[in-house]
Amino acid sequence: MAGIDVVLAKDAEQSSSHPIVGHSFVGKSKSRLVSPPDYSLWLVTAELEDATLLELPTMHGEQSVYVVSGSLQVNGKRVCPQNGAIIIEGNARPSVRAIGNTVIVHMGPTDAGPDPDFVAGDSTHVIGPRGTFEAIEPTRDTHYYADSTCDHCRLTLLYTSRSTEYVSATHSHSTDELIHLLWGQVRLGSLELEAGDTVAVTKDKRYGFRSGPNGFGFLNYRQGPSEQIVERGSTPRVEGGLVNGLHPVMDLIQ
């Protein structure tokens, strides 16, 4: 399907090292690149044994790490728990270490070069499970960990889920995105995703999806601010926690 590319976890080669050049796991790990090799964004899933370190190259773009299970210690102090996330600004050099056996989803941009129009920060944000904004309803659980409104980091990381069958509106976004399915089932046209699979959607591509009968939970990662269009020809709507009506919680781990 033009503009949409699915990478199935079962087809992704397992590695004992980090699959992105310049990155490494120091310790015992199993990882997979679960995103298209020629796409603007990458996504790596990894199983880390206790005390395994994640090391970044000197030059890297803004990155995020979501903790599926276990926990990560940042700079020897703050601990990011299960269902929390770490947001790494472009000039940050954090020490990230697994506490116990830990499963993560690590995301970043293919182009790690500096942007002359943006001053990257050097901070590492540790966000708890509630995120920075949330929407919790009887069949919905949604959390932003970053929504492109930080002064020194522009990425968006969103977890959203439904506990019953759900059909989304057909829509498009103005930036490339990765959708990584954590649980449940999702169908995009004839494409079917199971837990662990990733779909890459290029900017301005219109799409919609339908979940399985028991719902879904996925991560949505974008590298910069985005506008959404639902009805063709309608005014683009800026995306983000506050503008989308989510409740600010700012579950920041100091």
Side-chain angles (χ1 to χ4, degrees), residues 1-7 35-36 39-41 43 61-62 64 66 85 87 107 109-111 115 117-118 131-151 153-182 184-193 197-213 215-250:
M1 186 183 299
I4 295 180
D5 195 357
V6 171
V7 178
S35 57
Y39 195 57
S40 63
L41 309 171
L43 184 147
E62 296 170 5
S64 59
Y66 179 84
I87 307 300
M107 296 150 278
T110 301
D111 183 1
D115 184 341
D117 299 321
F118 180 75
T132 52
F133 295 88
E134 69 178 9
I136 299 177
E137 301 166 4
T139 62
R140 178 191 182 193
D141 187 15
T142 298
H143 304 268
Y144 273 101
Y145 298 94
D147 68 346
S148 301
T149 59
C150 177
D151 289 340
C153 55
R154 296 172 298 177
L155 68 81
T156 283
L157 180 64
L158 170 73
Y159 169 83
T160 190
S161 70
R162 297 292 193 281
S163 59
T164 58
E165 187 171 8
Y166 176 79
V167 180
S168 79
T170 301
H171 63 283
S172 66
H173 304 276
S174 62
T175 59
D176 293 349
E177 64 179 325
L178 291 174
I179 297 171
H180 180 72
L181 190 61
L182 294 173
Q185 298 84 33
V186 164
R187 178 189 290 271
L188 293 89
S190 61
L191 303 173
E192 295 186 8
L193 280 73
D197 299 340
T198 301
V199 57
V201 184
T202 58
K203 65 178 183 179
D204 301 324
K205 171 65 179 178
R206 291 185 62 80
Y207 71 98
F209 66 88
R210 177 189 296 271
S211 78
F216 68 90
F218 65 60
L219 295 173
N220 186 293
Y221 167 67
R222 297 188 290 267
Q223 189 57 25
S226 177
E227 294 181 334
Q228 182 186 60
I229 295 177
V230 179
E231 297 293 335
R232 290 185 185 272
S234 63
T235 302
R237 183 182 68 182
V238 176
E239 299 185 80
L242 195 59
V243 297
N244 283 1
L246 277 70
H247 178 65
V249 290
M250 299 301 167

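Quick caveat, the model's predicted, so the values are computed rather than measured. Any value given below was found using the heavy atoms of this structure, including those in side chains, with hydrogens, waters and symmetry copies removed.
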Backbone of Thr142 reached by a side-chain donor or acceptor of Thr160 within 3.5 Å: no
Any idea how Phe216 and Tyr166 line up, ring-wise: parallel (<30°), tilted (30 to 60°), or perpendicular (>60°)? tilted
Looking at side-chain heavy atoms only, is the closest gap between Ile87 and Cys153 below 4.5 Å? yes
Which heavy-atom pair separates Val7 from Pro36 by the least distance, and what is that distance? CG2-N, 3.6 Å
Taking C-beta and beyond as the side chain, do Leu219 and Tyr159 meet within less than 4.5 Å on heavy atoms? yes
Of all the heavy-atom pairs spanning Gly3 and Lys205, show the shortest one and how long it is. O-CG, 4.0 Å
Ignoring hydrogens, what is the shortest heavy-atom contact between Gly224 and Thr175? Give both atom names and the distance. O-OG1, 4.0 Å
Can you confirm whether Arg206 is buried at CZ, in the sense that more than 12 heavy atoms of other residues, nucleotides or ligands lie under 6.0 Å from that atom? yes
Measure the CZ-CG distance between Arg210 and Leu188 for me, rounded to the nearest 0.5 Å. 11.5 Å
Distance check, rounded to the nearest 0.5 Å: Ser226 atom OG versus Asp147 atom CG? 11.5 Å
Taken in chain and number order and not counting sequence neighbours, the residues that satisfy side chain to side chain contact (heavy atoms under 4.5 Å, CB included) with Arg237 are Gln228, Asn244
Report the distance from atom CD of Gln223 to atom CE of Met107, rounding to the nearest 0.5 Å. 11.0 Å
Which heavy atom of Leu157 sits nearest a heavy atom of Leu155, and at what distance? N-CD1, 4.0 Å
For His143 and Ile136, what are the C-alpha separation, side-chain angles and deciding distance, and is it a side chain to side chain contact (heavy atoms under 4.5 Å, CB included)? CA-CA 8 Å; His143 304 268; Ile136 299 177; 4.2 Å; yes
Between Val199 and Leu191, is any pair of side-chain heavy atoms under 4.5 Å apart? no
Name all pairs fulfilling the salt bridge (charged side-chain N to carboxylate O under 4.0 Å, His left out) condition that reach into residues 215-228, sequence neighbours left out, sorted by first residue then second. Glu177-Arg222, Arg222-Glu239
CD (Glu137) with more than 12 external heavy atoms under 6.0 Å: yes
Is any side-chain heavy atom of Tyr39 less than 4.5 Å from a side-chain heavy atom of Leu178? yes
For Gly208 and Ser168 the tightest heavy-atom approach is CA-OG, 3.4 Å
For Tyr66, all residues meeting ring pair (Phe, Tyr, Trp, His ring centres under 6.0 Å), sequence neighbours excluded: Tyr145
Lys203/Ser174 under side chain to side chain contact (heavy atoms under 4.5 Å, CB included): CA gap, chis, key distance, verdict: CA-CA 5 Å; Lys203 65 178 183 179; Ser174 62; 5.6 Å; no
Any non-hydrogen side-chain atom of Pro109 less than 4.5 Å from a side-chain atom of Glu62? no
Distance flag, aromatic centroids of Tyr207 and His171, threshold under 6.0 Å: yes
With rounding to the nearest 0.5 Å, note down the distance linking CD1 in Ile229 to CG in Asp204. 7.0 Å
Candidate pair Leu158 and Tyr144, rule side chain to side chain contact (heavy atoms under 4.5 Å, CB included), full reasoning: CA-CA 4 Å; Leu158 170 73; Tyr144 273 101; 3.9 Å; yes
All heavy atoms of Pro138 vs all of Ser163, minimum pair found to be O-OG, 4.0 Å
Distance, nearest 0.5 Å, that separates CG of Asp5 from OG1 of Thr198: 10.5 Å
